[in-house]
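One structure is given here, and the rest of the page talks about it.
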Amino acid sequence: TKTIVLKNRPKGTPKLSDFEFVTEERTPTLTNGEMRLETVYVSVDPYLRGRMSDAKSYVPPFELNKPIHSGVIAKVIASKNDQFKEGDFVSGMLDWKTTQVSNGDGLLKVDKAKAPLSAYLGILGMTGLTAYLGLTQIGKPVAGETLVVSGAAGAVGSVVGQIGKILGLRVIGIAGTDEKIEMLKTKFGFDAGINYNTTKDMKAAIAEVAPNGVDIYFDNVGGPISDAVLFSINKFARMVICGAISLYNATELPKSLSVQPFLVKNSALMQGFIVSNYAEKFPEAMTQLSEWLAEDKLTYTETVVEGFDKIPTAFIDLFEGKNKGKMIVKI
Ligand code: NDP
């Protein structure tokens, strides 16, 4: 069994040397209630960066020299647990290990016949739920309004934009390459896109593509991109603060605008969002997402990296924008 442990708490952008591979020869025997799992797909996510530092957050930090864990799809290869049988596939928070033993706590069976297994880490998993619940619960969309999404070509952002279109919004995406902007418009049906890496005046660019102002801002990135959006918000705008990837590797306090005058002037709402606080709404959200997928109203894209040894690289590449849609490692 190969395991990836956190070797150092990253300073700034994570490096490969912050991770260590450990190999174990021993195969533990199963006791009653346990099963042996073989890892099939591993999700790498920006929020894991937060857990690698020891600052207080909404989930406890990873421990040094202990396995990192994230969303994983695994195959049951032996079972002494009544709920799961050999050949089943499960999804849940599991260690970055090629094989591991579990008692099934917190694991859900996933059905390969209903959707490709990797979809349960993306559109039918945490990022799909985040997109749906963040937009509907805090964004409270009304048909005809204008939605701006940052990190628009990623796992969460690409789904937020599509749901926005289903709900009748004008949708504008902000992402880091021309190829991504093209994908937003042709594959995901966004009305307009802005490449923040080639646009000198973001404030002007947003005003131009949102001539009626911005009613909902779904923020995945924070920093200067989000500052620029503030200049276009409308009266009673809602800003869903889902993530701040541009700040996750920051080593000093960011020099951002003060948001207060923008909020006061526009009676606007800015609210942080953590998907796990909406667990009671997961079944309803899953039903809706599955229905839209089946009706081809929603689609998704994935960047699949192959090999257990590539997990740390795939994680680091999120901060370089190397993914389109959900970043996944296939073991
Ligand atoms: P993504 O698939 O969006 O991958 C990350 C993307 O972020 C990259 O592809 C890159 O795209 C962009 N990015 C990287 N660095 C920067 C930067 N400095 N400035 C602007 N954009 C940058 O990841 P997810 O969809 O999984 O997550 C998106 C956001 O949502 C993250 O902030 C994450 O933490 C948050 N999140 C929050 C949840 C919650 O419950 N609150 C749950 C899940 C995710 P590009 O080429 O466009 O730069």
Side-chain angles (χ1 to χ4, degrees), residues 12-14 42-53 57-59 70-71 93 118 121-123 125-135 137-139 148-163 172-184 188 190 193-199 202 217-229 239-251 254 256 271-279 281-282 285 300-305 314-329:
T13 306
V42 173
S43 173
V44 288
D45 304 88
Y47 80 89
L48 297 171
R49 175 65 183 85
R51 300 198 64 184
M52 290 174 191
S53 67
S57 187
Y58 59 96
V59 269
S70 68
M93 294 299 287
S118 58
L121 295 177
I123 192 141
M126 197 262 288
T127 56
L129 292 169
T130 299
Y132 178 83
L133 292 167
L135 182 62
Q137 298 295 307
I138 299 174
V148 171
V149 190
S150 59
V156 173
S158 59
V159 179
V160 169
Q162 292 181 80
I163 298 175
I172 296 155
I174 301 174
T177 67
D178 287 346
E179 199 188 335
K180 289 184 180 185
I181 299 298
E182 193 52 30
M183 175 183 77
L184 294 181
F188 297 122
F190 284 53
I194 302 172
N195 176 350
Y196 70 88
N197 278 315
T198 54
T199 302
M202 282 297 288
Y217 175 44
F218 195 106
D219 189 8
N220 286 312
V221 307
I225 294 173
S226 302
D227 286 353
V229 175
M239 286 174 273
V240 186
I241 310 303
C242 173
I245 192 168
S246 78
L247 307 174
Y248 292 172
N249 294 323
T251 49
S256 295
Q271 188 176 336
F273 171 83
I274 298 292
V275 66
S276 52
N277 294 332
Y278 292 81
K281 301 220 181 291
F282 288 179
Y300 62 98
T301 190
E302 295 172 334
T303 298
V304 181
V305 173
F315 168 68
I316 294 169
D317 282 350
L318 288 168
F319 299 95
E320 301 275 322
K322 293 210 180 139
N323 60 307
K324 288 196 207 99
K326 183 77 193 89
M327 182 76 113
I328 284 172
V329 183

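Ligands are counted one by one from 1 in listed order, and the atoms in each one are counted from 1 as well.
Of the polar atoms of Ser246, none of the N or O atoms is found under 3.5 Å from an N or O of ligand 1, judged by distance alone. Ligand 1 has an N or O atom lying under 3.5 Å from an N or O atom of Asn220, backbone or side chain. The shortest N/O to N/O separation between Gly176 and ligand 1 falls below 3.5 Å. For ligand 1, none of its N or O atoms has an N or O atom of Ile225 under 3.5 Å away. Polar contact check, Ile174 against ligand 1: no nitrogen or oxygen pair lies under 3.5 Å apart. Considering backbone and side-chain atoms alike, Phe273 places an N or O below 3.5 Å from some N or O of ligand 1. Looking at ligand 1, you'll find an N or O of Cys242 within less than 3.5 Å of one of its N or O atoms.
With respect to Glu179 and Lys324, a salt bridge is recorded, a charged nitrogen being found less than 4.0 Å from a carboxylate O.
Checking each of Val304, Val305, Val42 against Met327 for a side-chain contact (heavy atoms from CB on, under 4.5 Å) leaves exactly one that passes, namely Val305.
No side-chain heavy atom of Gln271 sits under 4.5 Å from any side-chain heavy atom of Val240. With contacts defined as side-chain heavy-atom distances shorter than 4.5 Å, the pair Tyr248/Met52 does not qualify. Side chains of Phe218 and Cys242 form a contact here, defined as non-hydrogen atoms less than 4.5 Å apart. Here the side chains of Met126 and Leu121 are not in contact, with every heavy-atom distance at 4.5 Å or above.
The protein heavy atom nearest to atom 43 (C) of ligand 1 is Met126 SD, 3.5 Å. Of the protein's non-hydrogen atoms, the one nearest atom 10 (C) of ligand 1 is Gly321 CA, 3.5 Å. Regarding atom 42 (C) of ligand 1, its nearest protein heavy-atom neighbour is Thr130 OG1, 3.2 Å. Regarding atom 5 (C) of ligand 1, its nearest protein heavy-atom neighbour is Ile245 CD1, 3.7 Å.
Using 4.0 Å as the threshold, Ala153 has no heavy atom nearer than that to any atom of ligand 1. A heavy-atom separation below 4.0 Å is found between Asn323 and ligand 1. Using a 4.0 angstrom heavy-atom cutoff, Met327 does not count as in contact with ligand 1.
The ligand atoms of ligand 1 that sit less than 4.0 angstrom from a heavy atom of Gly243 are 32 (O), 35 (C). Proximity to Gly325 (heavy-atom distance under 4.0 Å) selects the following atoms of ligand 1: 2 (O). Below 4.0 Å from some heavy atom of Lys180 lie the following atoms of ligand 1, by number and element: 9 (O), 11 (O), 45 (P), 46 (O). Near Ala244, meaning under 4.0 Å from one of its heavy atoms, ligand 1 places the atoms 32 (O). Applying the 4.0 Å criterion to heavy atoms of Val275 picks out, from ligand 1, the atoms 39 (C), 40 (O). Under a 4.0 Å criterion applied to the non-hydrogen atoms of Val221, ligand 1 contributes the atoms 20 (C), 21 (N). Contact atoms of ligand 1 toward Ala175: 47 (O) (distance under 4.0 Å to a heavy atom of the residue).
Judged by distance alone, with hydrogens and angles left aside, the side-chain atoms of Asn220 form a donor-acceptor pair with the main-chain N or O of Ser150 at under 3.5 Å. Here the side chain of Thr177 pairs a donor or acceptor atom with the backbone of Lys180 at under 3.5 angstrom. Side-chain atoms of Thr127 never come within 3.5 Å of backbone atoms of Val156 as a donor-acceptor pair (strictly under, hydrogens ignored).
Taking the six-membered ring wherever Trp is involved, the centroid distance between the rings of Tyr278 and Phe273 falls below 6.0 Å.
For the residues Val156, Asn195, Leu318, the heavy atom positioned nearest atom 44 (C) of ligand 1 is part of Val156. With distances taken over non-hydrogen atoms, the option nearest atom 27 (O) of ligand 1 out of Ser276, Gly154, Pro46, Ala131 is Pro46. Distances from atom 2 (O) of ligand 1 to the heavy atoms of Gly151, Ala155, Ser226 show the closest one on Ala155. The residue among Tyr248, Tyr196, Phe319, Tyr58 with a heavy atom at the shortest distance from atom 48 (O) of ligand 1 is Tyr196.
Between the side chains of Lys326 and Ser43, at least one donor N or O lies within less than 3.5 Å of an accepting N or O. Checked by atom type, the side-chain pair Tyr217/Asp219 shows a donor-acceptor distance below 3.5 Å.
Closest of all the heavy-atom pairs between Gly176 and Asn195 is O-OD1, 3.2 Å. Here the closest heavy-atom approach between residue Phe282 and residue Ser276 is recorded as CZ-CA, 4.3 Å. The two residues Gly272 and Ile138 come nearest to each other via the heavy atoms O-CD1, 3.8 Å.
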